[in-house]
Amino acid sequence: MNGAIIAAAPNIRVAQLFFVAPGYRKNMSSKDLPMRILEGGRKRVAPLCCTRPDEESPDAALAVTYNKYHIANSVEVSEWESGKSLDNILENQGITIRRRPLTGPPAHAVGPFEFRLENAGNTPRNILEKIIWNKDVEVAQLKERKPLGMLAKEIQNAPPVRDFLGALKASFQQTGMPALIAEVKKASPSRGVLREDFDPVQIAQTYQKNGAACLSILTDEKYFQGSFENLEAVRRAGVECPLLCKEFIIDAWQIFYARSKGADAILLIAAILPDLDIKYMTKICQKLGLVALVEVHTEREMVRVLGIDGIQLIGINNRDLGTFEVDISNTKKLLEGERGQIIRQKGITVVGESGLFTPDDIAFVQNAGVHAVLVGESLIKQDDPGKGIVQLFGRDISS
Ligand SMILES: O=C(O)c1ccccc1NCC(=O)[C@H](O)[C@H](O)COP(=O)(O)O
């Protein structure tokens, strides 16, 4: 076994053991401890780290980031040490989406048959939780095939990062309308297949030609029929719009993976990530030159995210990802009062997301204070998604 046991947390359902990797024991405060948590035989990497300020060169910084990205922050270390599970930490921040339990439903054998008893603890409560639990398994498998060290090398050969945020700001200034992030979206859990004849490259080119400032490429396969191949293909085809990798990120490894596939921006969803993860994942983005679109849906999530330094881009999702309910007045609600003031003071760019179908919808969210919109369904369902942009904005935004 690689590392020394320094503490055990007995009051957790499955025993958790904390390890210190060799070479990190001397002269380190608890803030610097690289923590690996073993739960029931499964390694969980949690929480993340920031790089030390003394790493000057980007290569060194990257190396340190990926070598130590599972270093914990002192607050969270103390939460772990006092026996709090990740679900407790999530719950304390109002995050209702739980992480996948370590074991599935227990197996029972009856004669030649085996069945599993499902209960509230081992069954996802809603679609978002289902997506996240599936993602957890998916990422663990991908990571085994491609460890971080290997990814870091691939990143060196990845196409250069483009300025996602700059493109949004430039378009907003130029057109006087919210900049468009057009989504390359084949299907969704709420609507099923949105477009049968789905050619991601052709759709991306049409979006670009018709005035999209940036594109969002869904990469989740199971629930959205997206893929990282789509992201790579759009990038390779020479589409100039900066690309958002629209993924459910629960592990910093995915950020490196997205960059290696040509992403210019990634999505961080406040409904599933505790503050520390958002904070440190944002730092990793900075190191990689990516921008993070931090997505909120509730007032509490907005307040949490506004309390984190360095956030430049916030998306307000009008869709409740647990229930699928869509209400565009959510954008207005979240931008009202003090929250809106803080956003303006900090110069944060705001994106209105989901459920936008008409010029009135665009005007509504613009009046509420957004600088950009993220649109999927209403464009992708049109025979000509390019014309869909003209219809959505009520005018040609390409010139
Ligand atoms: O779109 C869904 O059904 C969905 C379900 C569960 C989690 C996420 C989901 N969508 C992600 C998005 O928020 C949208 O793809 C994006 O904002 C565009 O929305 P729309 O214009 O309504 O297609």
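Only heavy atoms go into these numbers, but all of them, side chains included; no hydrogens, no water, no symmetry mates. Order of listing sets the numbers, starting from 1, for every ligand and every atom in it.
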I'd like to check whether G355 has a polar contact with ligand 1, where a contact means an N/O of the residue lying under 3.5 Å from an N/O of the ligand.
yes
In this structure, does ligand 1 have an atom that sits under 4.0 Å from one of the heavy atoms of L356?
no
Below 3.5 angstrom, do we get any N/O pair linking E183 and ligand 1?
yes
Is there a heavy atom of K246 sitting under 4.0 angstrom from any atom of ligand 1?
yes
Taking both backbone and side-chain atoms of S190, is any N or O found less than 3.5 Å from an N or O belonging to ligand 1?
yes
With a 3.5 Å distance limit and no angle check, can you tell me whether R235 reaches the backbone of E240 through a side-chain donor-acceptor pair?
no
Check ligand 1 against G376 and write out every atom of the ligand that is under 4.0 Å from a heavy-atom position of the residue.
18 (C), 20 (P), 21 (O), 23 (O)
State plainly whether the residues E183 and K246 are in salt-bridge range, i.e. N to O under 4.0 Å.
yes
Nearest-neighbour protein heavy atom for atom 5 (C) of ligand 1, which is reported as residue plus atom name and distance
F324 CE2, 3.6 Å
How far is atom 13 (O) of ligand 1 from its nearest protein heavy atom, and which residue and atom name does that atom have?
N317 ND2, 2.8 Å
Does R100 reach the main-chain N or O of D136 with its side chain, forming a donor-acceptor pair under 3.5 Å?
no
Which of the numbered atoms in ligand 1 are under 4.0 angstrom from any heavy atom belonging to E377?
20 (P), 21 (O), 23 (O)
K222, NZ atom: more than 12 neighbouring heavy atoms under 6.0 Å:
no
Answer yes or no for S378: is there a heavy-atom contact with ligand 1 below 4.0 Å?
no
Protein contact to atom 17 (O) of ligand 1 [nearest heavy atom, distance to 0.1 Å]
S354 OG, 2.6 Å
Measure the shortest side-chain to side-chain distance between Q205 and V201 over non-hydrogen atoms and say whether it is less than 4.5 angstrom.
yes
shortest atom 8 (C) of ligand 1-to-protein heavy-atom contact is with L321 CD2, 3.3 Å
Pairing of D251 and K143 as salt bridge, 4.0 angstrom limit
yes
Report yes or no: does a heavy atom of F224 sit under 4.0 Å from some atom of ligand 1?
yes
May I ask you to list the atoms of ligand 1 that are less than 4.0 angstrom from any heavy atom of V375?
21 (O)
I want to check something: taking the side chain as every heavy atom from C-beta on, are E353 and V375 in contact at a cut-off of under 4.5 Å?
no
Begin from the C-alpha positions of L151 and L148 and carry the test side chain to side chain contact (heavy atoms under 4.5 Å, CB included) through to its verdict.
CA-CA 5 Å; L151 262 189; L148 211 44; 4.1 Å; yes
With a 4.0 Å cut-off on N to O distance, would you call R98 and E91 a salt bridge?
no
Tell me, please: is R319 in heavy-atom contact with ligand 1, that is, under 4.0 Å?
yes
Any I127 heavy atom less than 4.0 Å to ligand 1:
no
Ligand-side contact atoms (ligand 1) for residue partner K185, heavy atom cut-off under 4.0 Å:
1 (O), 14 (C), 15 (O), 18 (C), 19 (O), 20 (P), 23 (O)
Close N or O approach (R191, ligand 1; < 3.5 Å)
no
Is there side-chain contact between Y207 and V239, with heavy atoms separated by less than 4.5 Å?
no
Before we go on, tell me: are the rings of Y257 and F228 under 6.0 Å apart, centre to centre?
yes
